[in-house]
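Data first, discussion second: the structure below is written as structure tokens.
Computed from a predicted model, the values in this text were never measured in an experiment.
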Amino acid sequence: YEAFDLSIQSELELPELLVSQKNSVPADVRISIGKVSPEGIQNPRKATTFFQANESSFWFHIEGVARFLVVNGQQITIEPYPSIDEESIRVYLLGSCFGALLMQRGFMVLHGNAIQVGQSAITFAGHSGAGKSTMTAILKKRGYKILADDVCAINARGEVMPSYPQIKLWADMAKHLNIKAGGLRKIRPHIDKFALPTHNQFCSNKLPLRQIFILSSHKKNTSEINPIYGNEKLKCLKEHSYRPQYIDGLGLSQKHALQCMRLAKLLSLKSLTRPESHEGIDQMLDVIEKDLKAGALYKVFSCIDKAV
């Protein structure tokens, strides 16, 4: 398979991912089924009920699903619980475990979705429930291509890495968008959240990141976009990094701070406050598209490349 510009060899079938066209190339990441210690790892820098981490290893445990061990950004071992469905394993593998693996490999990882705008990428970041996937699904309906859903990896050149062609949508939003959930696969058997394939609108090329919208909601029916300046940019990047609690455990706090500082200097950040309800969504998208065009993001810039 391939994802995040990495070749992946897996003993577990991963239908969400693209099949790699580079079969002769040694895999960057190997995923295997095997034993994972129930006690965790030796000498963790940080340990909680769900995960333990140090500079080389990340141990992750979801009761009733599986234990995972991610080592050096190269190897993931999975020990599933008996009779667990593979969908549930993949939710945590492609989310938290890949997030940790990408951090181990030196990527800046945001909790966000990314779309293609011209020859660049923009990201919608926010906490769980902020509407990242909803925003991406609606923009998909308007013809935009998708780069990432939930786990947004950025390399040292400031480029967003294409993840895999899927958006996760709750049933009520799928209904609101006139998407027939009955034809979609549930991401887990007992959760009303569905996997929406995006193969026909997936951007498989890494693109320079030009702008980040920080999503939140309010009770109004209108949407508001406001620029974020100064130290507030740095604060937002740290707050909306993917699983920030992992960073210190992996020994990456200093590196992550430098990554945030670099992005804060190079990129435009804006807050996007949207209606809590589904009402006003079309108006919200009109506001976003007007802002994108006003910012000339349809053009090709080279500021990040020059900075590198």
Side-chain angles (χ1 to χ4, degrees), residues 1 3-4 6 8-12 14 16-17 27-112 125 127-129 148-155 161 163 168 187-188 191 237-260:
Y1 301 99
F4 304 103
L6 301 171
I8 301 162
Q9 186 180 80
S10 177
E11 292 180 9
L12 180 71
L14 304 175
E16 295 88 350
L17 273 56
D28 298 303
V29 179
R30 296 181 183 276
I31 301 170
S32 59
I33 306 297
K35 292 292 184 181
V36 175
S37 170
E39 283 78 34
I41 59 176
Q42 292 185 346
N43 303 316
R45 288 175 55 95
K46 188 166 186 176
T48 72
T49 304
F50 299 104
F51 81 92
Q52 297 178 21
N54 60 27
E55 290 83 348
S56 62
S57 301
F58 174 82
W59 177 91
F60 188 59
H61 178 215
I62 298 298
E63 183 71 34
V65 177
R67 286 188 290 270
F68 304 83
L69 182 64
V70 186
V71 180
N72 291 326
Q74 298 175 326
Q75 175 71 42
I76 302 177
T77 304
I78 307 167
E79 184 174 2
Y81 276 74
S83 304
I84 187 64
D85 58 280
E86 292 188 356
E87 287 87 354
S88 295
I89 297 172
R90 295 199 304 270
V91 165
Y92 296 104
L93 171 67
L94 298 178
S96 293
C97 292
F98 256 84
L101 179 137
L102 291 164
M103 293 177 200
Q104 289 175 337
R105 296 187 72 94
F107 290 98
M108 169 77 178
V109 187
L110 293 176
H111 192 191
H127 298 300
S128 296
D149 177 62
D150 204 47
V151 180
C152 181
I154 304 162
N155 68 11
M161 315 307 290
S163 59
K168 298 183 289 292
I187 64 167
R188 294 192 68 184
I191 296 178
L237 288 170
K238 290 181 177 179
E239 181 180 350
H240 295 288
S241 293
Y242 189 79
R243 303 290 191 265
Q245 65 269 33
Y246 296 172
I247 294 168
D248 181 55
L250 292 168
L252 296 172
S253 295
Q254 185 174 0
K255 180 171 184 175
H256 180 256
L258 292 173
Q259 289 172 325
C260 290

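- Under the 3.5 Å distance criterion, the side-chain polar atoms of Q52 are matched with a main-chain donor or acceptor of I41.
- The distance from the CD atom of E86 to the CG atom of L12 is 5.0 Å, given to the nearest 0.5 Å.
- The two residues R105 and D28 come nearest to each other via the heavy atoms NH1-O, 3.4 Å.
- For the residue pair Y242 and M103, the shortest heavy atom distance occurs at O-CE, 2.9 Å.
- Closest non-hydrogen pair, L102 versus A153, comes out as CD1-CB, 4.0 Å.
- Contacts of E11 classified as side-chain contact (heavy atoms from CB on, under 4.5 Å), with partners at least two apart in sequence or in another chain: S32, I33.
- Under the 4.5 Å side-chain criterion, counting only non-hydrogen atoms from C-beta, I78 is not in contact with V36.
- The SG atom of C97 sits 9.0 Å away from the CD1 atom of I31 when rounded to the nearest 0.5 Å.
- Inter-residue side-chain proximity for T77 and F68 is flagged as unmet; no heavy-atom pair is nearer than 4.5 Å.
- Remark: the H127 side chain and the E239 side chain contain an N/O donor-acceptor pair separated by less than 3.5 Å.
- Residue E16 holds its CD atom at 9.5 Å from CD1 of I187, rounded to the nearest 0.5 Å.
- G251 approaches E55 most closely through the heavy-atom pair CA-CG, 4.4 Å.
- With a 4.5 Å cut-off on side-chain heavy atoms, V91 and V65 do not count as touching.
- Side-chain contact between C260 and M108 is present, with heavy atoms from C-beta onward closer than 4.5 Å.
- To the nearest 0.5 angstrom, T48 atom OG1 is 11.5 Å from H61 atom NE2.
- Here CG of L252 is found 8.0 Å from CD of Q259. Values are rounded to the nearest 0.5 Å.
- There is no side-chain donor-acceptor pair under 3.5 Å between R30 and Q75.
- Heavy atoms of other residues, nucleotides or ligands lying less than 6.0 angstrom from OH of Y81 number more than 12.
- Residues forming a side-chain hydrogen bond (donor to acceptor under 3.5 Å, both in side chains) with R188 (at least two apart in sequence, or on another chain): S88, Y92.
- Considering all non-hydrogen atoms of both residues, K168 and D150 come closest at NZ-CB, 4.0 Å.
- Remark: S241 engages H256 in a side-chain hydrogen bond (donor to acceptor under 3.5 Å, both in side chains) (not counting sequence neighbours).
- Classified by interplanar angle (parallel below 30°, tilted 30° to 60°, perpendicular above 60°), the ring pair F51/F58 is parallel.
- Heavy-atom minimum distance, V109 versus V151: CG1-CG1, 3.8 Å.
- Between F98 and I76 the shortest side-chain heavy-atom distance falls below 4.5 Å.
- By the 4.5 Å heavy-atom criterion applied to side chains, S128 and H111 are counted as neighbours.
- Here the CG atom belonging to L250 is positioned 11.5 Å from the NZ atom belonging to K255, to the nearest 0.5 angstrom.
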